[in-house]
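Step one of this worksheet: look at the structure below.
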Amino acid sequence: MSALHPLTLEVNGRRQDLRLDSRTTLLDALREHAFLPGTKKGCDQGQCGACTVHVDGERVLSCLTLAAQAEGRQITTIEGLQNSDGLMHVVQAAFIEHDAFQCGYCTPGQIMSAIACIREGHANSKDEIREYMSGNICRCGAYSNIVVAVHDAADRVKKGATL
Ligand code: FES
Ligand code: FES
């Protein structure tokens, strides 16, 4: 058993003081130590995208990020998306309206990735969305509805919705 080290993470605007093995991934730190299980583990090898979170506003695979690498940076998970009134984020609302999920296991990663995809300016057409969302696998085959949801959310953002 290796030594535990103190580590402070800033998750969804809240400080989390943790004690972790230095090998702990950000994904495991979030799920098992910060008790935020919304971020999912589908492969733990960077191949499925279920673990996608934002670090300083950019999408990253938390299974390939050490918790220690995220210290001092702003981490956002699916649990941190609703606004202070508890209203859903525009991308969450679009996923529900367009039935963009079935089992829901890939969904947190899809949504975090979709927000970044729009922010990056890669949601201008359905083909572009397909390409830039291809790092997120969905075994339920919800892809066509995911593309419609992301396209619609991007449109609402263009019209002034908060991203
Ligand atoms: S769990 Fe991270 S990419 Fe699959
Ligand atoms: S909704 Fe089930 S894997 Fe995507």
Side-chain angles (χ1 to χ4, degrees), residues 2 7 9-12 16 18 20-82 88-120 122-123 125-157 163:
S2 55
L7 184 79
L9 296 180
E10 186 85 16
V11 190
N12 302 330
Q16 299 267 359
L18 306 172
L20 302 175
D21 184 307
S22 55
R23 296 167 295 184
T24 308
T25 62
L26 178 58
L27 174 58
D28 287 344
L30 292 169
R31 289 182 56 81
E32 293 171 23
H33 300 275
F35 303 108
L36 291 167
T39 306
K40 303 300 187 205
K41 185 185 286 186
C43 69
D44 217 16
Q45 313 180 20
Q47 292 181 353
C48 74
C51 65
T52 307
V53 298
H54 295 175
V55 175
D56 288 341
E58 293 190 1
R59 50 179 162 177
V60 304
L61 297 173
S62 60
C63 72
L64 295 187
T65 306
L66 289 173
Q69 292 174 281
E71 190 163 32
R73 303 174 72 187
Q74 299 288 328
I75 303 155
T76 309
T77 70
I78 191 76
E79 290 94 341
L81 289 187
Q82 82 252 21
M88 268 186 293
H89 187 281
V90 62
V91 175
Q92 288 177 302
F95 267 61
I96 290 175
E97 280 167 43
H98 295 287
D99 278 332
F101 56 93
Q102 291 181 41
C103 76
Y105 198 85
C106 74
T107 314
Q110 299 279 3
I111 289 175
M112 299 311 286
S113 208
I115 294 168
C117 178
I118 297 169
R119 230 180 240 159
E120 292 158 11
H122 290 141
S125 68
K126 291 189 176 166
D127 275 350
E128 195 180 21
I129 292 167
R130 271 183 211 104
E131 176 68 21
Y132 282 89
M133 288 295 294
S134 63
N136 290 81
I137 290 173
C138 175
R139 288 194 71 177
C140 297
Y143 295 116
S144 51
N145 291 11
I146 290 170
V147 171
V148 171
V150 178
H151 198 248
D152 185 26
D155 200 44
R156 289 192 227 174
V157 169
L163 188 59

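Both ligands and their constituent atoms are indexed starting at 1 by order of listing.
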Do other residues, nucleotides or ligands put more than 12 heavy atoms under 6.0 Å from Glu58 CD?
no
Could you see which bit of Ala142 sits under 4.0 Å from ligand 2, with heavy atoms only: side chain, backbone, both or neither?
neither
Can you pull out the closest protein heavy atom to atom 1 (S) of ligand 2? Residue, atom name and distance to 0.1 Å, please.
Gln102 N, 3.2 Å
Should you measure from each heavy atom of Cys103, which atoms of ligand 2 turn up under 4.0 Å away?
1 (S), 2 (Fe), 3 (S)
Using a strict cut-off of 2.8 Å, how many protein N/O/S atoms surround atom 4 (Fe) of ligand 1?
2
Could you check whether any side-chain N or O of Arg31 sits under 3.5 Å from a backbone N or O of Lys41, counting only pairs where one atom can act as donor and the other as acceptor?
no
the protein heavy atom lying closest to atom 3 (S) of ligand 2 turns out to be Arg139 N, 3.3 Å
Hey, which atoms in ligand 2 end up nearer than 4.0 Å to a heavy atom of Gly104?
1 (S), 2 (Fe)
With a cut-off of 2.8 Å, does Cys106 place any N/O/S atom under that distance from atom 4 (Fe) of ligand 2?
yes
If you define the side chain from C-beta out and look only at heavy atoms, does anything of Phe35 sit under 4.5 Å from Leu30?
no
Pairwise side-chain contact, Ile96 with Phe101, heavy-atom cut-off 4.5 Å (strictly under)
yes
Can you sort out the partners of Glu71 under side chain to side chain donor-acceptor pair (under 3.5 Å), two or more places apart, ordered by chain and number?
none
Measuring from atom CE of Met133 to atom CD1 of Ile118, what distance do you get when rounded to the nearest 0.5 angstrom?
8.5 Å
Qualifying residues under side chain to side chain donor-acceptor pair (under 3.5 Å), relative to Glu79, sequence neighbours excluded:
Thr77
Working to the nearest 0.5 angstrom, can you tell me the gap between Thr52 OG1 and Ile78 CD1?
10.5 Å
Is atom 4 (Fe) of ligand 2 less than 2.8 Å from an N/O/S atom of Cys138, whether that atom is in the backbone or a side chain?
yes
What residues, two or more places apart in sequence or in another chain, satisfy salt bridge (charged side-chain N to carboxylate O under 4.0 Å, His left out) together with Glu131?
none
